[in-house]
Structure formats: C-alpha cells, structure tokens
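Comments concern the structure below.
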Amino acid sequence: MSQAQVLKESKGPKTPGTPGLIFEEPIVFEMGSPGRKAYSLPSCDVPEVEIETLLPPAEIREAIDELPELTELDVVRHYTRLSQWNFSIDTNFYPLGSCTMKYNPKINETLARLPGFAQHHPMTPDADSQGSLQLMYELQECLKTISGMEHASLHPAAGAQGEFAGMLMIHAYHSAKGNPRKKVLLPDSAHGTNPASATLCGYKSIQLPSNAEGTIDVAKLEAAMDEETAAIMLTNPNTLGMFEKDILKITEIVHKKGGLVYCDGANLNAIMGIAKMGDMGIDVLHINLHKTFSTPHGGGGPGAGPVCIKDILEPYLPVPVVEKVGSKYRLNADRPESVGRLKSFNGNFGMLLRAYAYIRTLGPEGIRQAAQSAVLNANYIRARLKDTFHLPFTGASLHECVFNDKGQGITTMDFAKALIDHGFHPPTVYFPLIVKGALMIEPTETESKETLDDFIEAMKSIAKKGKEDPESFHASPRLSKVSRPDEAQAARNPKLRWPGH
Ligand SMILES: *Cc1c(COP(=O)(O)O)cnc(C)c1O
C-alpha cells in the first residue's frame, strides 16, 4: 500500500501531524563538505602559545578524522529534523496508562530557567541559598497538604527511588523495635518496581491475588498478615484505575499486627484535592512529581519521587532535611537515625521547581479540577469504547481504563502499532499483568473532547478492520520511520555508533 493510501485509510487529511513531512535524514557524518564551518571568530588579540605548554602530551590529539564540517544552518536543520522524528506530548495524544503523560505547561520551563535557580551552585552555603531552600520547603508543605501526610523528603529521583526510600524507613522503624521482620505483601496488580524495592530492602515479596473486582481481597489479606510481615505495599487508585474501597479495613488489619502501610501514589492525579492518603491510614506514600505535577518525563528521566510519611517514621528521613528555623531555611544532615543520603546535593532540583510552579499556578481549586477532569476523560473513553472492547473489570474506574483484546480479530500489539498510523501514541500494553492482552488507556485531564473523539474513532475503525482483514495489520505501522523492530534485539544490541567508529 502506498503512503498516500495508508494516510487516506487512517484519517485522510485529518490525521494529526504531517507524516509526509518526515524527511529522509542521513547521519551527520555523511553530511557537509571540507572547509564548511558554523562559526566565525574575531582574530586573536592575545599572544599565541603552543598547546604543548598547556596540556600533557597524552591529552593532545594529532588529528580528528572524518569530523563532519557543516554550516550553522546545516546543523540546525539536521537536529531539528531529527527532533521531529520523536513522538511527544507536544505533538499529539499520548494515552500511556499509568505514566500520566499530561501536557506540561511551558510556564514551568520558563521558571526553571530563571538564572537565580538554574545557575545556583549546589554547594552554595545555606545563608546564600535561601530562595532555593524556601522553594523546597514550601513544596514539601504543599505535598503534605495534598497528601495529608506529616513529613516529606524531596530527595528521591524517581518513583522507584521513592519506594526504596520508603521501604528503607519501614525497615529502620521495625529494626529500632528489635525485629526488621521478613515479608512484604503486594497485590498481584502492583507495578514491577514495588516488589523490586521490597527485595532491595531484604524483604520477601508475598503476592496477594486480587478479587473479581480487581481490588485487594480483604479475607486473603487477613489470612496472609502476620507478625513477620513488615508492610503491605498497595497502589491507590490501583493500576486498574480503581479506588481500593476497603482501604480503611486494609490499613486496620495491617496495623493490628504491627505492620505499616506503604502506598504507591503514582496515580495521585485521580484523587488530589479530593481525598487524602494520610486520612486512610497510610504510613508512607511516594508521589511521582513528573507524572502528577507535570514535568516532562519518559525515556528514563529525570524525575522526582518525593516520599511523604507519618510522624512515626520522621527520625529515619533521608538527609539532608530542609528545615525552617525562625525565618531562615537550612539543610540539616545531622540526624543519626536517618537512612542516609539518596542523591547528591538536593535531588533533581529542576523537577522540584517545575512541580512547585505547577501546584502554585493551579492552586487548591485547580488541583481538584485537574483530578476531576482526568477521571471524566477516562470515563468518557471507557463509556464510548465499552461496546467495542472487552472490559475485564467492570467496577467504577477513576483516571484510567483497562480493556483487552478478547474477541477482537487482531492482538493488543496490532492495535498499538496501528494507532501509530493514526498519529497517536499507543496506550500501555500487556500491563497490569493480571489482565491478559491489556490495553491500558490514561487520557489525563489535559485532552479536549475532540482529541478523545478522534482517538475513539481510530480505535473503533481499527477494531472493525481488524475483524475484516486481520492479516493487513501485520505490516503496521506503515507511516513511521521504522515499522516493527525486533524489540529484544534493539534493547540488547543497540546500534549507537557510526560503523567503523
Ligand atoms: C510510574 C510508576 C512507578 C515508578 O515510577 P518511576 O518514576 O518510573 O520510577 C511506580 N508505580 C506506579 C503505579 C507507576 O505508575
């Protein structure tokens, strides 16, 4: 099929983006011409010296072979074109479930680039860092208010490191009582980082099967909970997008046996401004600033995964802790019971700044509205696709919905790939693991009804064609630079070098 035909079949001229403008692009080493350059320097007005007087011989290169020689415009166009091969939230809808790919307002970027913050050296003494410290302190206060928790540490550089920090504190808490305990309970719908964090802290992960509604089975939890269990790690709302409605019973059962409750708060965008984890008996909560509070993420970072805790864990907070003494702010690393340092300096400060800007821009009412819109958008998609796709769990869902490929003519992977030809990023696929062939869709609050309608129409038209002509999907996507790479090979043997270099 020609590119024009594929375009017409997908959405015709309405296809978001313009695949026809994705130029062929050679690698930079194949470009340019000897003598071209991208700079013009004024003539030297200081005495010239031999390089040998400045550098040891081992540091001096004779020549640099085959470096491309290009003009400024060549370089600008090359890299701008390459950047356009990338799919981003600024180009189109990105319904990657669990990841919360919402639009990141540009004001956050502008503020993060203010020279007073961007050029602030992390080793500057506290007395000359009052602005940055105040920002961190106030962000902690905001997160405490939103979560209903009593303390916060901004150090963890990702959700996974927030989990690790939280589990280290739980370990320290039990150890101080004389027995660190041996096990951690995890529902079978948990994100993979949860058991990994428990294991890194020396705990054995015990899987709790979900009930028919996709939430924690209270009877099974009660049977599994004992005095060798350090904690339960649950996710609320969980990875099916459902609120753990028995949360009060769950936290009571765990506390009765002396255990603590860890909540993975990666899905906080569904309930922020509406319900507080601190009110539900949660002892530790991590928050993904890069998801809920809108900083650009994906491709491995950077992120920020602050961990919020109750008073009982306060002695174990990672150091340094940002404190306010009178009207001054300071960093305190002199805390003998701390679990230690997690990151150099103050964590990913730029991410903290963006999250602070976002929270202060929205304010309490805006935060609540964002959660309400996220839930409304997900339920709109759910309602409009539920007659076309099988919903394995039918209970009320919040900010995301999970369908699967049962009864379709093509597989979940075929849907994911076909959506690319419609200009959409695929949803999360084959996760959570308890749903066979899962298609996990999280629209977030930032999308308009028109975008959601376009996506719904694309899903329906792929489903219809998938039943009529399933074979035709094996070659999709057809409009992208690469169709179906061998993903295992691409991850294990990435080709990152120009041949011969
Ligand atoms: C994203 C996510 C994590 C991990 O967060 P990272 O910042 O990617 O380390 C953990 N749990 C859930 C439910 C998530 O969605």
Side-chain angles (χ1 to χ4, degrees), residues 89 94-102 104 143 147 153-168 184 186-201 205 207-208 210 214-216 231-244 247 261-272 277 282 284-308 342-343 347-348 350-352 354-355 374 378 397-402 425 427-435 438 440-444:
I89 197 68
Y94 207 135
L96 199 59
S98 206
C99 296
T100 314
M101 305 304 282
K102 64 171 77 168
N104 306 295
L143 298 180
S147 65
S153 168
L154 305 175
H155 283 273
Q161 204 186 18
E163 293 170 27
F164 178 58
M167 292 311 293
L168 279 179
V184 170
L186 293 125
D188 54 6
S189 58
H191 196 268
T193 49
N194 289 190
S197 300
T199 304
L200 276 176
C201 291
S205 298
Q207 210 180 70
L208 286 178
S210 301
T215 53
I216 290 175
I232 183 171
M233 281 184 98
L234 51 82
T235 305
N236 198 17
N238 70 17
T239 58
L240 293 165
M242 288 167 178
F243 190 80
E244 288 290 351
I247 187 71
V261 182
Y262 184 100
C263 180
D264 178 326
N267 297 329
L268 188 67
N269 64 318
I271 58 161
M272 58 184 181
M277 288 298 160
I282 305 299
V284 191
L285 169 80
H286 89 258
I287 300 175
N288 293 55
L289 295 188
H290 44 292
K291 295 179 183 172
T292 307
F293 299 121
S294 89
T295 59
H297 67 112
V307 63
C308 302
L342 291 172
K343 278 289 285 173
N348 286 333
M351 300 291 112
L352 308 179
R354 287 168 173 86
S397 64
L398 294 177
H399 63 297
E400 58 198 3
C401 49
V402 183
H425 194 283
T428 292
V429 293
Y430 302 104
F431 178 80
L433 301 177
I434 55 170
V435 176
M440 183 198 219
I441 303 166
E442 179 179 12
T444 84

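These numbers come from the heavy atoms of this one structure, side chains and all, not from hydrogens, waters or symmetry mates. For the single chain, residues carry numbers from 1 onward in sequence order. All of these numbers come straight from a predicted model, not from anything done at the bench. Note that ligands are numbered from 1 as they come in the structure, with each ligand's atoms numbered from 1 the same way.
- Close N/O approach between G159 and ligand 1 is found [any backbone or side-chain N/O within under 3.5 Å].
- In Q161, neither the side chain nor the backbone holds a heavy atom less than 4.0 Å from any atom of ligand 1.
- Closest approach of L398 to A378, counting heavy atoms only: O-CB, 3.3 Å.
- The shortest non-hydrogen separation linking S98 to H191 is OG-CD2, 4.4 Å.
- N269 has its side chain out of reach of F293: every pair of non-hydrogen atoms, C-beta onward, lies at least 4.5 Å apart.
- Considering T428, T100, N267 in turn, T100 is the only one that fulfils the side chain to side chain donor-acceptor pair (under 3.5 Å) rule with E442.
- The proximity of H290 to ligand 1, defined as any non-hydrogen pair under 4.0 Å, is limited to the side chain.
- In terms of polar-atom proximity, C99 is not counted as a contact of ligand 1, lacking any N or O under 3.5 Å from an N or O of the ligand.
- Among E442, K291, M233, the residue whose heavy atom lies closest to atom 14 (C) of ligand 1 is K291.
- An N or O contact shorter than 3.5 Å is missing between H286 and ligand 1 by distance.
- A donor-acceptor contact shorter than 3.5 Å links the side chain of N348 to the backbone of G303.
- Contacts between S98 and ligand 1, counted as non-hydrogen atom pairs separated by less than 4.0 Å, involve both the backbone and the side chain.
- Here CG of L268 is found 10.0 Å from NE2 of H399. Values are rounded to the nearest 0.5 Å.
- At the top of the distance list for atom 9 (O) of ligand 1, counting protein heavy atoms only, stands A160 N, 2.8 Å.
- For the side-chain hydrogen bond (donor to acceptor under 3.5 Å, both in side chains) test, no residue two or more places apart in sequence or in another chain qualifies with T235.
- For atom 11 (N) of ligand 1, the closest heavy atom belonging to the protein is D264 OD2, 2.5 Å.
- Atoms of ligand 1 lying under 4.0 Å from any heavy atom of A158, numbered from 1 in the order shown and given with element: 7 (O), 9 (O).
- The closest protein non-hydrogen atom to atom 4 (C) of ligand 1 is H191 CE1, 3.8 Å.
- Inclusion of N288 in the set of residues having an N or O under 3.5 Å from an N or O of ligand 1 is warranted.
- A heavy-atom distance below 4.5 Å is not found between the side chains of M440 and V429.
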Intermediate values then yes/no, side chain to side chain contact (heavy atoms under 4.5 Å, CB included), M167 and M233: CA-CA 9 Å; M167 292 311 293; M233 281 184 98; 3.9 Å; yes
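- The shell of residues lying under 4.0 angstrom from ligand 1, judged by heavy atoms, excludes H297.
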